[in-house]
Amino acid sequence: MFYETASNQHGLPHDPFKAIVSPRPIGWIGTRATDGALNLAPYSFFNAISDRPKLVMFSSSGYKDSVRNIEATGEFTASFASRNLSEAVNMTSMAAPHGDSEFEIAGLTPVGGTLVKAPFVGEAFAALECRMTEMFQPKGLDGAASDSYVVIGAVVGIHIRDEAIRDGRFDVTAVKPLARLGYMDYCDGGDVFQMTRPTR
C-alpha cells in the first residue's frame, strides 16, 4: 500500500506512522516550576542527538507543563524509563492539574539534581541532568509552525545506580529500557544482540 500523508487516507483503523517509527526511547522528563511545583512526564519523541557535546532532545505535542517549566528555568532531567517502572511511567502520563506532582501520584521519589534544581526519579537506574540549549516549534513544508515544541538540552551530569553496571558497562539486558511502539504498545530492550561495524 501507499498513501500520501497530506490526506492521510491510509484506510486503516489507526494511523500507522508512529508504529513505523519505532521503537522510540521514552524521555521521562522531570522539571521544577518557578513556584517550586514538581512535574514528571514521559515523552516518546525523545532521543540522544549528539555525544560531543552530549545533547538530548524531546518533543511535546502542545505547550505542556514540562515545556513551560523548562522555558522559565532552563533546566530539566531525563530519568531512565525501564520495564520494572513501566506502570509508574504510565501513571505519570495522566493529565494532572497544574501543581499536582506526578512523582506523588505514581509513588516515586523525587531527587534534586546535583547541578540543576529539576528533580529526577530516585528509583530510576540512571538519570541525566540537562540545561536547555534550544527550544523551538518545528515547521512543516508550508512554513507554518507545528503545535509541537522541541526542547534540546546539554547533559551536564549523569547518575547511574551501581546495580546497573556489569563488567564496566551500563547493562541494558539487566535494566531493560522501556520503549514506545505504535498505538498502546510498548517493548523493552531485554533481547540484545551484537554486530561489529564492518571495515574494508
Side-chain angles (χ1 to χ4, degrees), residues 18 22-48 56-133 135 137 147-161 163-164 175-189:
K18 288 190 282 187
S22 71
R24 300 186 308 280
I26 296 171
W28 212 3
I29 306 300
T31 59
R32 182 187 299 271
T34 53
D35 65 3
L38 305 184
N39 185 266
L40 178 66
Y43 292 89
S44 68
F45 291 136
F46 168 81
N47 222 316
V56 293
M57 64 74 63
F58 77 93
S59 179
S60 170
S61 297
Y63 191 76
K64 297 177 181 174
D65 282 348
S66 300
V67 175
R68 180 181 295 107
N69 294 345
I70 295 168
E71 189 170 47
T73 66
E75 298 179 341
F76 65 97
T77 65
S79 294
F80 185 83
S82 52
R83 177 66 182 269
N84 67 311
L85 295 175
S86 58
E87 291 299 326
V89 172
N90 193 41
M91 284 290 291
T92 61
S93 70
M94 71 169 55
H98 177 71
D100 286 7
S101 171
E102 289 83 3
F103 285 93
E104 185 175 341
I105 291 170
L108 296 166
T109 307
V111 179
T114 302
L115 302 176
V116 303
K117 293 180 180 178
F120 63 89
V121 175
E123 292 80 3
F125 285 113
L128 311 176
E129 296 189 19
C130 306
R131 292 201 177 107
M132 180 186 71
T133 60
M135 180 185 292
Q137 288 178 265
D147 67 352
S148 293
Y149 290 79
V150 174
V151 177
I152 298 176
V155 179
V156 296
I158 299 177
H159 300 264
I160 305 175
R161 293 174 66 100
E163 60 266 38
V175 299
K176 296 186 177 180
L178 188 65
R180 185 73 189 268
L181 303 173
Y183 321 112
M184 295 295 106
D185 299 333
Y186 294 80
C187 68
D188 66 51

Give the intermediate values and the outcome of side chain to side chain donor-acceptor pair (under 3.5 Å) for residues Y186 and S86.
-> CA-CA 9 Å; Y186 294 80; S86 58; over 6 Å; no
State, to 0.1 Å, how close I29 and A78 come at their nearest heavy-atom pair, and which atoms those are.
-> CD1-CB, 4.1 Å
Any side-chain heavy-atom pair from M135 and V67 closer than 4.5 angstrom?
-> yes
Look at atom CD of E163 and say whether more than 12 heavy atoms of other residues, nucleotides or ligands are closer to it than 6.0 Å.
-> yes
Mind checking ring pair (Phe, Tyr, Trp, His ring centres under 6.0 Å) for F80 and listing every partner two or more places apart, or none if nothing turns up?
-> F170
Under the side-chain contact (heavy atoms from CB on, under 4.5 Å) criterion, do H159 and T114 qualify, and how do the steps go?
-> CA-CA 9 Å; H159 300 264; T114 302; 3.5 Å; yes
How would you list, by chain and number, every residue that makes a ring pair (Phe, Tyr, Trp, His ring centres under 6.0 Å) with Y149, sequence neighbours excluded?
-> Y63
Looking at OG of S79 and CG of L40, how far apart are the two atoms once the value is rounded to the nearest 0.5 Å?
-> 6.5 Å
Are the side chain of R32 and the backbone of D35 linked by a donor-acceptor contact shorter than 3.5 Å?
-> no
Neighbour count >12 (heavy atoms, 6.0 Å) for atom NZ, K64 = yes
Nearest heavy-atom approach of A96 to E102 is CB-OE2, 3.8 Å
Listed partners of A106 passing side chain to side chain contact (heavy atoms under 4.5 Å, CB included), at least two apart = A88, M91, T92, L108
Ignoring hydrogens and geometry, is there a side-chain-to-backbone donor-acceptor pair from T31 to S66 under 3.5 Å?
-> no
Pairwise side-chain contact, V150 with M57, heavy-atom cut-off 4.5 Å (strictly under) | yes
Side chains of V56 and L128: closer than 4.5 Å at any heavy-atom pair?
-> yes
Specify the closest pair of heavy atoms between F120 and G112, including all atoms of both residues, with the distance to one decimal.
-> CE2-O, 3.9 Å
Is any NZ, NE, NH1 or NH2 atom of the basic residue among R83 and D188 found under 4.0 Å from an Asp or Glu carboxylate oxygen of the other?
-> yes
Test item: F76 and N39 side chains (from C-beta on) under 4.5 Å apart, heavy atoms | no
Find the distance between OG1 (T34) and CZ (R68) and round it off to the nearest 0.5 Å.
-> 10.0 Å
Got a second to check how far Y43's OH is from S59's OG, nearest 0.5 Å?
-> 9.5 Å
Of the non-hydrogen atoms in V156 and L115, which two are nearest, and what is the gap between them?
-> O-CD1, 3.2 Å
Is the centre of the F46 ring less than 6.0 Å from the centre of the F58 ring?
-> no
Backbone N/O of P119 and side chain of T77: donor-acceptor pair under 3.5 Å | yes
When rounded to the nearest 0.5 angstrom, what distance separates CG in L38 from CG in D65?
-> 11.5 Å
CG (N90) and CG (L85) are apart, to the nearest 0.5 Å, by 12.5 Å
Can you check whether F103's main-chain N or O pairs, donor with acceptor, with S101's side chain at less than 3.5 Å?
-> yes
Compare every heavy atom of A179 with every heavy atom of I26, then report the nearest pair and how far apart it is.
-> CD1-C, 4.3 Å
Hey, does F45 have a side-chain heavy atom less than 4.5 Å from the side chain of K18?
-> yes
Flag the pair N47 / R24 as yes when at least one side-chain heavy-atom distance between them is below 4.5 Å, and no otherwise.
-> no
Can V121 and W28 be said to form a side-chain contact (heavy atoms from CB on, under 4.5 Å), step by step?
-> CA-CA 9 Å; V121 175; W28 212 3; 4.0 Å; yes
Do any N or O atoms from the side chain of E129 and from the backbone of V116 form a donor-acceptor pair under 3.5 angstrom?
-> yes
CD (Q137) with more than 12 external heavy atoms under 6.0 Å = yes
Below 4.5 Å, heavy atoms only, C-beta onward: do V155 and R131 meet side chain to side chain?
-> no
Are a donor atom and an acceptor atom from the side chains of E123 and T109 found within less than 3.5 Å of each other?
-> yes
At their closest point, which heavy atom of L181 faces which heavy atom of P23, and how far apart are they?
-> CD2-CB, 3.7 Å
